[in-house]
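In what follows, chains are A, B, ... by sequence order, proteins preceding strands, each numbered from 1.
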Amino acid sequence: MSIYDTLNEKQKEAVLCTEGPLLILAGAGSGKTRVLTHRVAYLIEEKNVNPWNILAITFTNKAAGEMRDRVDRLVSFGAEGVWVSTFHAMCVRILRRYAHLIGYDNNFTIYDTDDQKTLMKDVCKRLNVDTKMFKERMLLSEISHAKNELVSVNQYKQEAGGNFAQRKIGEVYEEYERELIANNAMDFDDLLLCCVDLFQTQPDVLDYYQERFRYIMVDEYQDTNSVQFELIRLLSMKYRNLCVVGDDDQSIYKFRGANIRNILDFESVFEDATVIKLEQNYRSTSHILNAANAVIRNNKGRKDKTLWTDNGEGDAIEFRQFDNAYDEADFVVEDIKRAVRRGEGAYSDHAVLYRTNAQSRMFEEKCIAANLPYKVVGGVNFYSRREIKDVLAYLKTIDNGKDDLAVRRIINVPKRGIGATTINRVQEYAIDHEESFYQVLTHAKDVPGIGRGVTKLAAFADLIEEFKHLSENLSLLELAKRVLDETGYIESLQAEGLEEAESRIENVDELLSKVAAFEEACEDNDEPATLSRFLEEVALVADIDSLEENSDYVILMTLHAAKGLEFPHVYLVGMEDGLFPSYMTITADDPEEVEEERRLCYVGITRAKEKLTITCARRRMVRGETQFNKLSRFVKEIPGELLRGLRPSVSVNNTAGGISPFGSTAPFESGSSFSQKKRKPYANPYVQNRQTKQFGTPKTGGLSYQVGDRVRHVKFGVGTVTQIVSGGRDYEVTVNFDTAGTKKMFAAFAKLEKV
DNA sequence: CGCGAGGATATTTTT
DNA sequence: TATCCTCGCG
């Protein structure tokens, strides 16, 4: 019996079909990852394909890692030769070798969304663009869309014709691109675009990769955009062994440029394509699956398919409506607690899925109050936190002196008395003389009109130069520590004296451990741990990547983040018209927008294996005003007999006729959603708990040391306490350290120990 | 040049 | 509501 006997007929067919273009339409939970991994194994073991010739592209690093593990387990030998990667990571890897052929240095920097915004601000200022009329966000998204559709600056300007706004945007696009190149930087879209550009202009490079990747597989194909399509089209043109796997019903990234036509039109673009549908679901109970089918059926423009399962009916879907969001969160948290106490599952078997990140807070608060371990996926990305970006900006500056954004970010962080005027002078000089910002700093004395600023600038440049030299001999971790030490960054955080500082410092520490982990990983793989590689890895991580498998947490995340995951018990919360589907999509009179939301709902429902709970609230605070929402139209699309709802005085099960079971009894349902200006501030009863979380260390009570005592600090070593000032919640302690000098710090998080 | 106050603004989703 | 940005003062 071979490993392929465990597959069903359709799956097997997909695995055995190795030559030519292949489209696998894989419904939710139909075992597509199994198919992909077995297909890789089959290619290597049965078809004697060199692993080196196989490329598998996934959407997230996490998915890539999983695929890698599973292939490793399946294939006895040689699996590490397979290239498993995300689109972005793949492009970076290629561009690090060849970017010089298309006008960049090979050590280009990658700009994230924040960087893009900063750059865009600059551009607008320079071009005198009125940012009241053209919002940076809007400009960026317009440019991003253009890039995703492979529209170049020239093309864009041409198409703009006489349209004033379009022409203006064209100018911005042009300047933005110029700036990126000047900074030797690429944004996310550029990574893909430049790669296409490289392939189009360098036939020999393209040929090299075509020869290399004779078998290409793309996961989550429904979320690819036009550039990505072009990329794989080019790569697969020679051998035509392209296998794409996706589910048009799970296409949820249109806003990011995903082009659903890529999957819908696959057969017409690749005329000889084989199409295989995987419709047997192995994940969910039939109740859950039927609900999902019933919802998605309301979408037009989709490939016809119906998921079915051998699994039993399972529990009915539970539906609850609450008065407000507090009650809703309360219920969910208590429900999870109860289930875990009864031994019905671990915390990590429970996931709470919501539409917007803002909704996570209430669940967090309730989890803290109820003492449930939880993990929020998403929200503010670790790497976009201010302190992390600051430290990274130092590293970027050391790595790539052309990255003006990074230099300007840190030139006065911590405060060095270098102000806006000085920075502008340098900037002007840099533009006039076509030098990079940092380059100018190294000979600041030539810049007219900065007076005493020269000394400060020179000192800064010297500091960076020193780091650059150090970086040649030190490990990354040592370098990073050195940067923190010599710049006094940590102290400057402490000096801010905010409660936040504690968590900021923790974050910096965590960054250091990530540096260390990176170095270890590199060592294991026999790769040099270069600064560039670290920065690139860091630039390409997604929130979902950080989800650890074997820790026991309740998982809180957005529906988008949940794609590709599964949980025994899923809570779909905030199911209200106006929230989900969001107000924006309801009012936009493009029915496709609601369809995308419906697909999102479909994704949410199909995450559940055994149990699904749907909740909503009649009243909820959004942006400081109270909204009254009616039940989500998506819930109404679920047949009543699949739902078990417990609401005062009405049993949902006895409403017949296929119409919504929630006809007219509940308040606020029959009218349209409306909102009301808040009259009085709503007292949040959980504020207390939030604070409890932030102040793990008690603020009151005596300190274990006093003036004159000898104490130990984790970083600064041993010293003598010279002063203790009571400052509101906390004590400000001044310590004269034997080696590190005198420092002021807050008792609550300095973690001083008496010695 | 640094800091604080007050006003504007945002919330759909993110590699 | 929470954050971000601008402006004016010391």
Practice task
Count the heavy atoms of every other residue, nucleotide or ligand shown that sit under 6.0 Å from CZ of R137(A), and state whether that count exceeds 12.
Solution key: no

Fill in the blank from the handout: Which of dT15(B), dT13(B), dC5(C) is nearest the side chain of T558(A)? It is dT13(B)

Exercise for the section: Using only heavy-atom distances, determine whether the side chains of T113(A) and Q116(A) contain a donor-acceptor pair under 3.5 Å. Expected result: no

Handout entry: Test item: E428(A) and V447(A) side chains (from C-beta on) under 4.5 Å apart, heavy atoms
Key = no

Practice task
Compare side-chain N and O positions of N225(A) against OP1 and OP2 of dT15(B) and report whether any pair is under 4.0 Å apart.
Solution key: no

Handout entry: Atom-to-atom span, CD1 of I586(A) to C1' of dT12(B) - whole angstrom
Key = 12 Å

Exercise for the section: Measure from the side-chain heavy atoms of N412(A) and tell me the nearest of dT15(B), dT13(B), dG2(B). Expected result: dG2(B)

Completion exercise
note: R137(A), atom CZ; dT11(B), atom C1'; distance rounded to Å ~ 8 Å

Practice task
Mind checking side chain to side chain contact (heavy atoms under 4.5 Å, CB included) for C616(A) and listing every partner two or more places apart, or none if nothing turns up?
Solution key: F319(A), Q321(A), M575(A), E576(A), L631(A)

Practice task
Measure from the ring centre of Y253(A) to the centre of the six-membered ring in the base of dT14(B), then say whether that distance is under 5.5 Å and the planes meet at under 30°.
Solution key: no

Problem - W83(A) and Y209(A) aromatic ring geometry - parallel, tilted or perpendicular at 30°/60° bounds - result: parallel

Practice task
Classify the nucleic acid contact of F59(A) as base, sugar-phosphate or nothing, counting any heavy atom under 4.0 Å across all strands shown.
Solution key: sugar-phosphate

Exercise for the section: Could you measure between the two C1' atoms, the one in dC5(C) and the one in dT12(B), and give it in whole Å? Expected result: 24 Å

Practice task
With the side chain of H560(A) defined as its heavy atoms from C-beta on, choose the nearest nucleotide among dC3(B), dT13(B), dT15(B).
Solution key: dT13(B)

Practice task
Look at T422(A) and dC1(B) and indicate whether a side-chain polar atom (N or O) is within less than 4.0 Å of OP1 or OP2.
Solution key: yes

Fill in the blank from the handout: Of T585(A) and I423(A), the one whose nearest nucleotide on DNA chain B sits closer to the 5' end is I423(A)

Practice task
Classify the nucleic acid contact of E597(A) as base, sugar-phosphate or nothing, counting any heavy atom under 4.0 Å across all strands shown.
Solution key: base

Practice task
Rounded to the nearest angstrom, tell me the gap between atom NE2 in H145(A) and atom C1' in dT13(B).
Solution key: 12 Å

Problem - Side-chain H-bond candidate by donor/acceptor type, Y374(A) with E364(A), under 3.5 Å - result: yes

Problem - Closest to side chain of F188(A), choosing from dT12(B), dT15(B), dT14(B) - result: dT15(B)

Problem - Minimum-distance nucleotide to T356(A) side chain [options: dT11(B), dT15(B), dT13(B)] - result: dT13(B)

Problem - Closest-nucleotide 5' rank along DNA chain B - winner of S582(A) and K456(A) - result: K456(A)

Fill in the blank from the handout: In whole angstroms, the gap separating P of dC5(C) from CE of M120(A) amounts to 15 Å

Exercise for the section: Using only side-chain N and O atoms of K117(A), determine if any of them is under 4.0 Å from OP1 or OP2 of dC4(C). Expected result: no

Exercise for the section: Verify side chain to side chain donor-acceptor pair (under 3.5 Å) between S532(A) and N107(A), making sure each step is shown before the conclusion. Expected result: CA-CA 7 Å; S532(A) 304; N107(A) 68 334; 5.2 Å; no

Practice task
Identify whether any heavy atom of K135(A) sits under 4.0 Å from a base atom; if not, whether one sits that close to sugar-phosphate; answer base, sugar-phosphate or nothing.
Solution key: sugar-phosphate

Practice task
Could you check how far CG of L559(A) sits from C1' of dT14(B), rounded to whole Å?
Solution key: 14 Å

Handout entry: Atom-to-atom span, CD of E136(A) to C1' of dA10(B) - whole angstrom
Key = 14 Å

Handout entry: R361(A) side-chain proximity, nearest of dA2(C), dT12(B), dT15(B)
Key = dA2(C)

Problem - Distance in angstrom units between L540(A) CG and dT14(B) C1', rounded - result: 13 Å

Practice task
Would you state whether a donor and an acceptor, one from the side chain of R256(A) and one from the base of dT13(B), lie under 3.5 Å apart?
Solution key: no

Completion exercise
K415(A) has its side chain closest, among dT11(B), dT1(C), dG2(B), to dG2(B)

Fill in the blank from the handout: Taking dT12(B), dG2(B), dT13(B) as options, the one with an atom nearest any side-chain atom of F255(A) is dT13(B)

Handout entry: Separation of atom CD in E220(A) from atom P in dT13(B), rounded to whole Å
Key = 20 Å

